[in-house]
Amino acid sequence: MQAEVEETLKRIQSHKGVMGTMVVNAEGIPIRTTLDNSTTVQYAGLLHQLTMKAKSTVRDIDPQNDLTFLRIRSKKHEIMVAPDKEYLLIVIQNPCE
Amino acid sequence: VFPASSKMPHKQPPRKQSINTGRGARKRDEDSGTEVGEGADEWAQSKATVRPPDQLELTDAELKEEFTRILTANNPHAPQNIVRYSFKEGTYKFIGVVNQLAVHFSQVGNLIPKDSDEGRRQHYRDELAAVSYQGSQESTKVVISETEILEEEEEPKESEAEAETEAGSQIDMPAAEAAEKVTEEELMTPKQPKERKLTNQFNFSERASQTLNNPLRDRECQMEPPPRTNFSATANQWEIYDAYVEELEKQEKTKEKEKTKTPVAKKMGKMAMKKMTSMESQSDDITKVTQAAKIVERMVNQNTYDDVAQDFKYYEDAADEYRDQEGTLLPLWKFQNDKAKRLAVTALCWNPKYNDLFAVGHGSYDFMKQSRGMLLLYSMKNPSFPEYIFSSESGIMCLDMHVDHPYLVVVGHYDGNVAIYNLKKPHSQPSFRSSPKSGKHTDPVWQVRWQKDDMDNNLNFFSVSSDGRIVSWTLLKSELVHTDVIKLKVEGGTKDGLDGLQLHTVGCGTAFDFHKEIDYMFLVGTEEGKIYKCSKSYSSKFLDTYDAHNMAVDAVSWNPYHTKVFMSCSSDWTVKIWDHTIKTPMFIYDLNSAVGDVAWAPYSSTVFAAVTTNGKTHVFDLSINKYEAICNQPVVAKKKNKITHVQFNPIHPIIIVGDDRGHVTCLKLSPNLRKMPKEKKGQEVQKGPAVEIAKLDKLLNLVREVKTKT
């Protein structure tokens, strides 16, 4: 199980256009990252809050619903956040290379 | 010379000497005064005494005679012999007791005792006036003290003596009386606020007594404060919902436990499950990100192949309007995997449940180069990596997915084995496998097909192989049991062998297909180019034989709508469409190259696709053009790439095409290829199988007419 996940993360990281990946736990503390420390901490903190807010929004509207993922498309790149029960997986990709 | 006692009422000759001796207990202050007087007299007059002339002359003895004088309280003026007439006895009688009272002074005054009614009334009136209550108090007190003193004086000697003795011995009494009177005073004046107590020495003495006070002691008890923790939580609508859902699940679990009597095996299973979960929690946390990682990978891929995804969903080739009736195939994704690079795609199958999942079987058609095989399952959502990977020792030649259990995949190997893979189980080994003991084929298995569950709800499937056997396999508990259904025989192929034995040449089955509605009927294509219509129940005889092709039949396929029509293709470059009641084909198409595979479209009864070894894909629509393909397109890049299989997606307008390099390409059908019958004005558009059947029937009738004519 573990090897598969590791492989998947590796594949994501080596995919075309992906700038960085990180795994953040429920409190916003990054567990694993491919970017430098300061950037990671910044992303982790901000995106964690945003994800919580988004999740809360979705669930407030309909408690049976839940957030699957969050995508933020900016001029330079796209930030993708996949929330899990305990973790948050963040990938930053530049799609049009 | 003063007379010694002026108080003596009797006129008596004054006696100079021994005046004191005759007296009794007399508390007179004049005693001392008298002595002083006498002394003064003696000193003043040093003359000899002058005798008056009428003085009695007494003898010394008479002079020394003592005369006792008794002082009594009796009134000297009081009569001593009062008599009164007693009417009872009729005589005068002496009164024993004579009033000795002598009033010296009497004055009618206006003082009234305080305790009397009038006194109280007056007092009350004074209170109401409340001019100077203090003054009234004082006056009343004075009144009382005066009355007391007067009373004391007027009282007989005894009571006076008593009072005095009492006063001497017990100091409390008068004070108590005084205090009582004072308190009574105070009681009588309840409305007046407490005034300053007049404490004089006559009627007030402060009496205080101190009781023994118990010493006070403080008792304290201090405990340790209870441990405190800070707790904070949010209560949103969804948190409440989550709590309710959890509660519901718990309740359901308890209900289940109560209802079902769990056998030991189940318990073991649960224990194992629990262990699994606890293990998982203990193991490295990264495994929990699997789901999220999967989603993210798909998202990343979607970004990379964004245009492809958009095309897949929304692109409709507008140029089709101008192309008359031809259509095109738009290439979408390309699926390939390093591990399967040199293996040809030998089988393709869409998953019946999940429309984006398809299975690719890898193996090799080359007799000389036989190596391992692979089974890969891709999802269209993630074109870069397969969802499931299974590898096997022998090349996979065919596969099929169960309709009811979409996680069961049956494969046929080049070495003649069949195996069932369970996608739910993570390990890459097949769940069930045939072996030489259990009756595997002796030649490559060319086609496998799931059947409906038999009466015992056991899974079963059919396989056809070049060894001439069509075998039905049943999955009994954990074993594969095989049953030979039919042995293909070549008619007229019996030879006389040694010792008079008759050798039957066995036909080699290469393809089969089961009828959609008539369960027992199926078609088998052979290497000799013949197609046999067989029944599951008859094992020796064929229902029908068709001389289909000159070379091996590569594929046979029943029409999904029309129950009578089927199609076959062969390496002899032809595709033929048949009506199973007629021995000759309805339509024949020559494609200039060996046809690898042919497939009907699921949305129309007249559309089908064929792929050839020159890398081209042909799509036909009989309702539009009976003689030519409406699409003829090279799909793979290199010309040497042979396309081996083609499959239509049951829902989306796409097809997957596999080649012998191990690549699978996904293509989208342009609108022209997907034409539905045109609505005539005023008529409703009819959709459904009936329409399709009717459509095909019309065509067939045309053909039949032509045939009958010729």
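By convention in this document, chain letters (A, B, ...) are assigned in the order of the sequence lines, proteins followed by strands, and residues within each chain are numbered from 1. What's counted below: heavy atoms across the whole structure, side chains too, no hydrogens, waters or symmetry copies.
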Q: Is any side-chain heavy atom of His15(A) less than 4.5 Å from a side-chain heavy atom of Asn303(B)?
A: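 His15(A) vs Asn303(B): side chains apart.
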
Q: Does the side chain of Thr290(B) come within less than 4.5 Å of Glu4(A)'s, by heavy atoms?
A: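 Counting from C-beta outward, Glu4(A) and Thr290(B) never come under 4.5 Å.
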
Q: Quick check on Gln13(A) against chain B: is it the side chain, the backbone, both or neither that has a heavy atom closer than 4.5 Å?
A: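 For Gln13(A), no heavy atom lies under 4.5 Å from chain B.
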
Q: So do the side chains of Arg11(A) and Ser384(B) get within less than 4.5 Å of each other, counting heavy atoms only?
A: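 Heavy-atom side-chain distance check fails, nothing below 4.5 Å.
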
Q: Between Arg71(A) and Met299(B), is there a donor-acceptor pair closer than 3.5 Å when you use the side chain of the first and the backbone of the second?
A: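 Yes; at least one donor-acceptor contact below 3.5 Å.
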
Q: Given that the side chain runs from C-beta out, which part of Leu70(A) has a heavy atom under 4.5 Å from chain B: side chain, backbone, both or neither?
A: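 Only the backbone of Leu70(A) comes within 4.5 Å of chain B.
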
Q: Provide the closest heavy-atom pair for Gln237(B) versus Asp60(A) in the form atom of the first, atom of the second, distance.
A: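 Heavy atoms of Gln237(B) and Asp60(A) come nearest at OE1-O, 2.8 Å.
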
Q: So which of Lys55(A), Met80(A), Arg59(A) has the largest heavy-atom pair count under 4.5 angstrom toward chain B?
A: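 Option with the top pair count is Arg59(A).
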
Q: Which region of Thr21(A), side chain (C-beta onward) or backbone (N, CA, C, O), has a non-hydrogen atom less than 4.5 Å from a non-hydrogen atom of chain B, or is it both or neither?
A: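 It is neither, since no heavy atom gets under 4.5 Å.
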
Q: Taking all non-hydrogen atoms of both residues, which atom of Trp238(B) and which atom of Pro63(A) are closest, and how far apart?
A: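 Scanning both residues completely, I find the closest heavy atoms to be CA-CB, 4.1 Å.
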
Q: What are the two closest heavy atoms between Ala293(B) and Leu89(A), and how far apart are they?
A: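 What the structure gives for the nearest pair is CA-CD2, 3.2 Å.
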
Q: Between Thr8(A) and Glu297(B), what is the shortest heavy-atom contact and its length?
A: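 The answer is CG2-OE1, 3.2 Å.
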
Q: Roughly how far, to the nearest 0.5 Å, is the CD atom of Gln291(B) from the OG1 atom of Thr68(A)?
A: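 Thr68(A) atom OG1 to Gln291(B) atom CD measures 10.5 Å (nearest 0.5 Å).
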
Q: Please check if atom CD in Glu393(B) has more than 12 non-hydrogen atoms from other residues, nucleotides or ligands closer than 6.0 Å.
A: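 12 or below, so no.
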
Q: Inspect the surroundings of OH in Tyr354(B) and state if more than 12 heavy atoms from other residues, nucleotides or ligands are less than 6.0 Å away.
A: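 No, not enclosed.
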
Q: CG of Asp62(A) to OH of Tyr241(B): how many Å apart, nearest 0.5 Å?
A: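 Nearest 0.5 Å value for the CG-OH distance: 7.5 Å.
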
Q: With sequence neighbours excluded, tell me which residues meet salt bridge (Lys or Arg N to Asp or Glu O under 4.0 Å) with Arg73(A).
A: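 Partners of Arg73(A) by the salt bridge (Lys or Arg N to Asp or Glu O under 4.0 Å) criterion, ordered by chain and then number, come out as Glu78(A).
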
